[in-house]
Enquirer: 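Please see the structure below; I have some questions.
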Amino acid sequence: MFDKYRIISNLGYGNSSEVFLAEHIKLKAYRAIKCVDKTARDDKQPQLYLEADILKNLKHPGIPTIYDVEEDDKSYYIIEEYIQGQSLEAFVLHQDRISIDTVIHMALQICDVIKYLHDQKPEPIIHQDLKPEHIILCGKRIVLIDFGISSYITSDGNTFQNYGTQGYAPPEKYQGISCDVRADLYGIGKVLEYMAAKMPIDEFQSLKPLIGRATAYSREDRYPSVEALAAQLEELLQSGYQKIQQKQNQHLLTELAVAGTQERVGVTHFAISLTCFYNQYRSPCIYQEYYKSECMRLLAKEDGSCVKKDGMIVYEKFRGMPYYGEGIEGWNRSEGVYVQDYGVQLLRLLEEDKRMIVIMGSRPWECEQTKSVLERICLRENLTLICNYGNNMQAKKLARMYHHRVYCFPLDVDPFQMTREKRRLFQKMLLQERW
């Protein structure tokens, strides 16, 4: 294509348009190419160039960069940055539960992008087609795509006949009257409503009044600006943090739950090492088996220096509580840190409100499963990611891909022995993760 690009695959279809994934031959970089057929409706050509004109001067991490506009005998083309990630629609469909914190953090990022558009001079820009398919999650970063019916707000408004998407377009679009920034506020409210379907009922109730105002039928009843909507979201988030803090103040226990993306990635090895570190350098700590495992039983059987005391396995700086079934919940625990080993029961852990440490394999045959899991959990709060086997290169790659801090656990032989490398890693984690 134009002696510059090699088409790799089709990314999807739109209204009279098609989007391809292509590679820039010389730069070896991916591009997304939007193609509009010249035999389509006559209004598509000026709208395509308007889209290019809108995007060409925008510089924001939540907006794709446009590189070029081309045409041939059959079609017009926009060449822009390829955004690698999954749509908000796909993310929500694959979630069993989404917390209000996650919803608000996403909404605040969307508000930030929309505020940037609305603040453009001399003429503000409105997106007009906000919906889950047009919001891409790149790790923790949100990118807004498809500016196909975006427009400038001129002094006399706009009267484009592109109504957007049913269920997300505001009522005034169907009435044929000019739109203003409140059209995008309606879209944000509808996106919130879509995510809220996976929220716990009590959390949804606290968000419901905000959604109701953002999606009011009359635009005069909506928030006057995206800043006002964002301020309400921040206030709601802050009130949630205060409730969490009150809950934490009532309980002096610190629980660190550890799980792996798959079997044999070193979950138990890491959990034992962390327990020994706490006992040696920080505060009393007990390792707990949270699934039916033979590890503690075999340790007590094979090593004669282990002692069983009050149901626990005691070995040098290590204190471990074997899995005793559901009865462990009735165990009278004291103050301190509890490192809880969930093995590969990651789905079970996702249902619980705990600080979560996920151990990821870095070998080639483990990477696909690792990425599949991260797509589901990378937006979760109180999440710490550990790449095993001392693979710094893979840890950095995952950190860039999912915009999340990833620690590298060193190659290690004995989980009970505190090496200098492990001590430095745990000290760094305690400082950065605020444990």
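One is the number of the first residue; the rest follow in order along the sequence.
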Enquirer: Would you please say whether a donor-acceptor pair under 3.5 Å links the side chains of Gln369 and Gln262?
Expert: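 Gln262 and Gln369 do not have a side-chain donor-acceptor pair below 3.5 Å.
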Enquirer: Indicate the atoms forming the closest heavy-atom contact of Ser273 with Phe409, along with that distance.
Expert: OG-CZ, 4.0 Å
Enquirer: Would you check, one step at a time, whether the test side chain to side chain contact (heavy atoms under 4.5 Å, CB included) holds for Ile386 with Ile357?
Expert: CA-CA 7 Å; Ile386 310 291; Ile357 303 171; 3.6 Å; yes
Enquirer: Looking at Arg97, I want to see if its CZ is surrounded by more than 12 non-hydrogen atoms of other residues, nucleotides or ligands under 6.0 Å.
Expert: yes
Enquirer: Take atom NZ in Lys198; do more than 12 heavy atoms of anything else shown fall under 6.0 Å from it?
Expert: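 Yes - once you tally the heavy atoms of other residues, nucleotides and ligands closer than 6.0 Å, there are more than 12.
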Enquirer: Surrounding CD of Gln84 (heavy atoms of other residues, nucleotides or ligands, distance under 6.0 Å), is the total greater than 12?
Expert: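 Open.
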Enquirer: Are side-chain N/O atoms of Lys190 and Thr215 paired as donor and acceptor at under 3.5 Å?
Expert: no
Enquirer: For the residue pair Lys354 and Gln340, confirm or rule out a side-chain donor-acceptor distance under 3.5 Å.
Expert: yes
Enquirer: Is there a donor-acceptor contact under 3.5 Å linking the side chains of Tyr152 and Gln120?
Expert: no
Enquirer: Relative to each other, are the rings of Tyr82 and Tyr30 parallel, tilted or perpendicular (30° and 60° limits)?
Expert: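 Ring orientation, 0 to 90° scale: perpendicular.
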Enquirer: Does Arg363 qualify as a cation-pi partner of Tyr389, given the criterion of NZ or CZ under 6.0 Å from the six-membered ring centre and within 45 degrees of its axis?
Expert: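 The answer is yes; both the distance and angle limits are met.
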Enquirer: Assess whether atom NE2 of His94 is packed by more than 12 heavy atoms of other residues, nucleotides or ligands within 6.0 Å.
Expert: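 Atom NE2 in His94 is not crowded, with 12 or fewer foreign heavy atoms closer than 6.0 Å.
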Enquirer: Once you round to the nearest 0.5 Å, how far does CD1 of Ile104 lie from CG of Leu192?
Expert: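 Reported value, rounded in 0.5 Å steps: 8.5 Å.
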Enquirer: With a 6.0 Å cut-off (strictly less than), is the heavy-atom count around CD of Glu263, excluding the residue itself, greater than 12?
Expert: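 No, because the 6.0 Å sphere around CD of Glu263 holds 12 heavy atoms or fewer from other groups.
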Enquirer: Strictly by modelled atom types, are Glu433 and Tyr407 linked by a side-chain donor-acceptor pair under 3.5 Å?
Expert: yes
Enquirer: Does the separation of the ring centres of Tyr287 and Tyr315 fall below 6.0 angstrom?
Expert: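 That pair fails the under 6.0 Å test.
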Enquirer: Side chains of Glu18 and Asn10: is there a donor and an acceptor less than 3.5 Å apart?
Expert: yes
Enquirer: Can you label the angle between the Phe416 ring and the Phe318 ring as parallel, tilted or perpendicular, going by 30° and 60°?
Expert: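 Plane angle over 60°, so perpendicular.
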Enquirer: Restricting to non-hydrogen atoms, name the atom on Tyr194 and the atom on Tyr168 that form the minimum distance, rounded to 0.1 Å.
Expert: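 Distance-wise, the nearest heavy atoms are CD1-OH, 3.6 Å.
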Enquirer: Cation over ring, Arg31 on Tyr5, under 6.0 Å and within 45°?
Expert: no
